[in-house]
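Working notes for the structure below.
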Number of protein chains: 2
Amino acid sequence: MMPSDRRFATDPSTVRPVARYEQVKRYITDRIADGVWHEGDRLPSEMDLVDALGVSRMTVNRALRELTGEGVITRAQGVGSFVAPAAPRAELLELHDIADEITRSGHTHRARVLMVSSVRADMALAAAFDVRPGTKLFHSVIVHDEDETPLQVEERYVAPHFLPDYLDLDLATVPPHRHLSRAAPAEQIEHVIFAVTPCERLRAWLDLPTPEPCLQLMRRTWVNGRVVMRGTFTSPGSRYSIGGRYIP
Amino acid sequence: MMPSDRRFATDPSTVRPVARYEQVKRYITDRIADGVWHEGDRLPSEMDLVDALGVSRMTVNRALRELTGEGVITRAQGVGSFVAPAAPRAELLELHDIADEITRSGHTHRARVLMVSSVRADMALAAAFDVRPGTKLFHSVIVHDEDETPLQVEERYVAPHFLPDYLDLDLATVPPHRHLSRAAPAEQIEHVIFAVTPCERLRAWLDLPTPEPCLQLMRRTWVNGRVVMRGTFTSPGSRYSIGGRYIP
DNA sequence: TTGACACAGTTGTATATACCATTCATTGTC
DNA sequence: GACAATGAATGGTATATACAACTGTGTCAA
């Protein structure tokens with residue numbers, strides 16, 4: 001058989017790091033992102049994709065099914081698959097971009113990257129990531145200033161398999177969460193909010209002369225059922241609050 | 001073949017409204033909900049489930065894969081499948097019923113009504129309600145105990161025109177929010193979360209010997225475009241956190 | 001014209017099979 | 001005792017096949 005027309009032909013001599021259904025998903029999302037297929041457009045049928053990409057229908061089906069779950073496409077039995085309308089995701093907490101928050105309120109924002117390193121998970125981290133203690137994790141600490149005053153310490157741990165080049169990124173200009181959501185959309189997000197007395201380290205970073213109650217938001221995000229990021233966002237209670245308004 | 005031992009055997013004479021992989025998912029989640037399998041417990045292997053349920057491995061695999069994406073279980077190649085840690089219960093921006101939360105986590109709850117009175121709005125209150133200072137408002141303070149330990153102080157101001165008989169209600173048995181939502185559903189809700197050092201009054205109510213960071217949730221609800229309630233919920237940071245998990 | 005019907009095309013699900021990757025316990029070797 | 005090799009168990013993926021369910025269209029007959 002001539003495999004030349006097969007897009008994703010198996011080649012035993014090379015590694016196959018990415019699953020084929022992932023490649024099919026990428027094939028679809030790339031064409032949507034590039035504007036080849038527009039919102040509402042009809043996608044090729046499963047059989048068309050089977051012929052075009054040289055994979056089995058079950059593989060195409062899985063790719064399209066997952067894209068449906070991610071809201072990228074919609075499907076209708078007996079009709080076809082279509083590019084879903086680009087719905088802005090209503091985020092529960094608009095805390096994603098502290099830089100935005102600061103600049104939008106008329107202040108100047110500055111991000112200072114204090115640490116970027118690779119660490120070994122202790123017991124607590126291992127529990128948070130559901131891995132064994134000692135597992136390698138990436139670690140970063142960024143302080144966000146509002147008009148030269150520290151407003152928030154952003155401390156993140158990232159699973160290396162999820163973002164292997166995390167240590168090489170320029171986190172000062174492009175915030176971590178943008179890298180993370182580019183790599184893959186989170187399928188599950190957990191928020192927990194605490195009130196804490198900051199440890200010495202945090203007090204120094206936040207430039208707090210006296211121990212002051214701090215708001216601490218811990219966020220974990222899941223991809224493929226595995227925790228890929230744990231972020232701890234700490235702000236002095238006197239300078240920051242978390243708020244939201246919604247209509248039931 | 002004898003289908004008697006097959007759990008989900010096909011029967012052409014009956015409708016099959018639910019897909020088999022959904023039945024398998026249900027089988028798993030039911031056993032977790034019923035406490036047959038606990039957090040961290042190992043699930044039967046895919047092959048075990050194949051034998052037990054009489055479905056193919058691909059069907060079991062799809063069920064377990066989707067449960068992984070939903071955060072119900074975690075899986076590890078070469079090891080097995082396990083019940084995932086439970087997500088924090090309270091939804092971040094939902095109305096949470098502190099009594100429910102306490103009893104559902106296996107503790108005993110008690111509500112102590114400390115104050116119920118009519119007051120005049122000061123500047124801050126007037127601003128919160130968007131009324132003139134001096135306007136009459138109803139005021140209540142309730143302490144919620146978890147196993148005899150104060151867990152939260154609930155302080156509310158209610159617009160009299162909204163609940164004229166607020167002062168006569170039995171707030172110890174029927175919590176205020178139930179009266180409020182019965183009167184009319186909120187059309188808009190605002191939440192703001194602070195970290196504060198409790199004032200003397202709050203420290204006494206919460207039985208805090210030393211000043212400790214406290215989580216403070218302020219909620220305002222609107223009906224017919226007017227603020228009808230402002231609630232302040234204060235909990236010691238060491239005893240309480242606000243959390244939620246959601247799937248985008 | 002209208003309704004009934006058949007049919008092709010599409011997605012949804014189920015199965016058997018196969019092979020790969022990872023993990024862990026066991027066994028053997030030095 | 002330490003280390004390496006082996007193998008079983010488990011999950012991860014890919015495929016071919018089959019049938020079911022649904023939709024839209026076209027055809028045919030009354």
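Proteins get letters first, then strands, A, B, ... in listed order; numbering begins at 1 in each.
Contact detail for B/Ile102 and B/Asp145: the closest heavy-atom pair is CD1-O, 3.9 Å.
Per the geometry, CG belonging to A/Leu49 stands 13 Å off P belonging to C/dG12, to the nearest Å. Separating the CG atom of A/Asp51 from the P atom of D/dA16 is a distance of 11 Å, rounded to the nearest angstrom. Straight-line distance from the NE2 atom of A/His161 to the P atom of C/dT22: 13 Å, rounded to whole Å. A straight line from CG of A/Asn224 to C1' of D/dG12 spans 11 Å, rounded to a whole angstrom. Between the CG atom of A/Asp48 and the P atom of C/dA8 there is a distance of 18 Å, given to the nearest Å. To the nearest angstrom, C1' of C/dG12 lies 15 Å from CE of A/Met47. Atom-to-atom, CD of B/Glu46 to C1' of C/dA18 comes out at 15 Å; the value is rounded to the nearest Å. Rounded to whole angstrom, the span from the CD atom of A/Gln77 across to the P atom of C/dT11 amounts to 10 Å.
Between A/Tyr21 and the phosphate of D/dT13, there is a side-chain N or O to OP1/OP2 separation shorter than 4.0 Å. Remark: B/Ser81 is not in phosphate contact with D/dT10, judged by side-chain N or O atoms under 4.0 Å from OP1 or OP2. Side-chain N/O atoms of B/Thr59 include none lying less than 4.0 angstrom from OP1 or OP2 on C/dT13.
Minimum atom distance to the side chain of A/Ser45 is reached by C/dT10, of the listed D/dT15, C/dT13, C/dT10. Between D/dG11, C/dG12, C/dC24, one nucleotide has an atom nearer to the side chain of A/Arg75 than all others, and that is C/dG12. Nearest to the side-chain atoms of B/Ser56 among the listed nucleotides D/dT13, C/dC24, C/dA14 stands C/dA14. Considering only the side chain of A/Val79, D/dT23 comes nearest among C/dT23, D/dT23, C/dA14.
No more than 12 heavy atoms of other residues, nucleotides or ligands sit less than 6.0 Å from atom CZ of B/Arg26.
None of B/Arg62, B/Arg57, B/Arg65 except one satisfies the salt bridge (Lys or Arg N to Asp or Glu O under 4.0 Å) rule with B/Glu46; the exception is B/Arg57.
Residue B/Arg57 is classed as a base contact, given a heavy-atom separation below 4.0 Å to a base.
For the pair A/Thr221 and A/Arg219, the minimum side-chain heavy-atom distance is below 4.5 Å.
A salt bridge does not link A/Arg110 to A/Glu146: none of the charged side-chain nitrogens sits closer than 4.0 Å to a carboxylate oxygen.
Two residues, A/Gly80 and B/Met58, neighbour DNA chain C, and the one matched to the more 5' nucleotide by heavy-atom proximity is A/Gly80.
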